[in-house]
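FYI, side chains are in, hydrogens and waters are out, and symmetry mates aren't considered; it's all heavy atoms of this structure. Remember, predicted model here, so these are calculated numbers, not experimental data.
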Amino acid sequence: MAQSAKILVIEDDPDYQLVIEEILKSGGYTVVAASSGEEGLKKMVSERPDLIILDVMMERTISGFEVAKRIKSKDPGSEFAQFASIPILILTAIHDTTFFRFQPDGDFLPVEDFMEKPPVREEVLKRVGRLLSMPR
């Protein structure tokens with residue numbers, strides 16, 4: 001997929017949101033931002049992004065885990081069924097705050113990739129490029 005792809009960033013920390021947006025824009029991507037899970041789901045429906053970058057630990061409304069599960073639900077009657085093929089990249093600092101270790105998993109964490117904060121430009125762009133080039 002061309003670098004004019006649209007990426008939805010769902011991140012409640014304004015500093016991280018800005019950093020991620022700047023990284024993506026420097027790579028030629030169009031960025032849409034949301035600061036909560038609920039806002040992210042609404043923007044996903046209205047903006048129809050090619051990729052979602054999602055924080056796990058958000059203070060308001062629903063967590064990133066719940067957002068991912070709602071988007072990737074295997075229920076064909078899900079309100080988000082038409083969006084289930086959108087790749088999701090988790091970008092989080094959860095491993096800094098808990099002893100649990102998470103990685104992409106079809107049931108518990110149904111995402112295509114998982115990355116630790118802080119975001120490093122080259123690594124973010126590499127993973128975004130790989131996810132956008134995957135067949136859907």
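Across Ala5 and Asp50, no two heavy atoms sit closer than the pair CA-OD2, 3.4 Å. Shown here for Tyr16 and Pro119, the closest heavy-atom pair between the two residues is CE2-CD, 3.5 Å. Summarising the geometry of Lys25 relative to Val31, their closest heavy-atom pair is CG-CG2, 3.9 Å, with the distance given to 0.1 Å.
Contact of the Leu89 side chain with the Leu54 side chain is not registered, since no non-hydrogen atoms from C-beta on lie closer than 4.5 Å. Between Leu132 and Tyr29, the closest side-chain pair of non-hydrogen atoms falls below 4.5 Å. Between Ile10 and Asp55, every side-chain heavy-atom pair lies at or beyond the 4.5 Å cut-off. Contact check for Ile53 versus Ile20: side-chain heavy atoms found under the 4.5 Å cut-off. Annotation: side chain of Phe83 is not in contact with side chain of Lys72 (no heavy-atom distance under 4.5 Å). Looking only at side-chain heavy atoms (C-beta outward), Val9 and Leu24 come within less than 4.5 Å of each other. Counting only heavy atoms from C-beta outward, the side chains of Pro49 and Ile7 never approach each other to under 4.5 Å. Between Lys74 and Pro110 the shortest side-chain heavy-atom distance does not fall below 4.5 Å.
Side-chain atoms of Arg70 and Ser78 include no donor-acceptor pair closer than 3.5 Å. No side-chain N or O of Ser26 forms a donor-acceptor pair with one of Glu22 less than 3.5 Å apart.
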- [ ] Would you sort out whether Glu122 and Lys126 count as a salt bridge (charged side-chain N to carboxylate O under 4.0 Å, His left out), showing the intermediate values?
- [x] CA-CA 6 Å; Glu122 294 76 21; Lys126 176 180 156 186; over 6 Å; no
- [ ] For Arg136 and Ile86, run side chain to side chain contact (heavy atoms under 4.5 Å, CB included): C-alpha distance rounded to whole Å, both residues' side-chain angles, the deciding distance at 0.1 Å, then the answer.
- [x] CA-CA 8 Å; Arg136 293 212 225 165; Ile86 296 174; 3.8 Å; yes
- [ ] Dump the intermediate steps for salt bridge (charged side-chain N to carboxylate O under 4.0 Å, His left out) on Glu11 and Lys117, then the final yes or no.
- [x] CA-CA 12 Å; Glu11 168 64 65; Lys117 288 180 180 174; 2.8 Å; yes
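A salt bridge does not link Lys42 to Glu38: none of the charged nitrogens lies less than 4.0 Å from a carboxylate oxygen. Checked for salt-bridge contact, Asp113 and Arg127 meet the test: a charged N lies under 4.0 Å from a carboxylate O.
In this structure, the side chain of Glu39 does not engage the main chain of Ala34 through any donor-acceptor pair within 3.5 Å. In this structure a side-chain-to-backbone donor-acceptor pair under 3.5 Å is missing from Asp12 to Ser35.
One hydrophobic cluster, built from ILVMFWY side chains closer than 4.5 Å, cannot hold both Leu91 and Val120; they sit in different ones.
Here the CE-CD distance, from Met115 to Glu123, works out to 5.0 Å after rounding to the nearest 0.5 Å. The distance from atom CD1 of Ile88 to atom CZ of Phe114, rounded to the nearest 0.5 Å, is 13.0 Å. We find the CD1-CE distance between Ile71 and Met44 to be 4.5 Å, quoted to the nearest 0.5 Å. Residue Glu47 holds its CD atom at 8.0 Å from CG of Leu8, rounded to the nearest 0.5 Å. A distance of 11.0 Å separates CD1 in Ile90 from CD in Glu116, rounded to the nearest 0.5 Å. Taking CG of Leu51 as the start and CG of Leu131 as the end, the distance is 5.5 Å to the nearest 0.5 Å.
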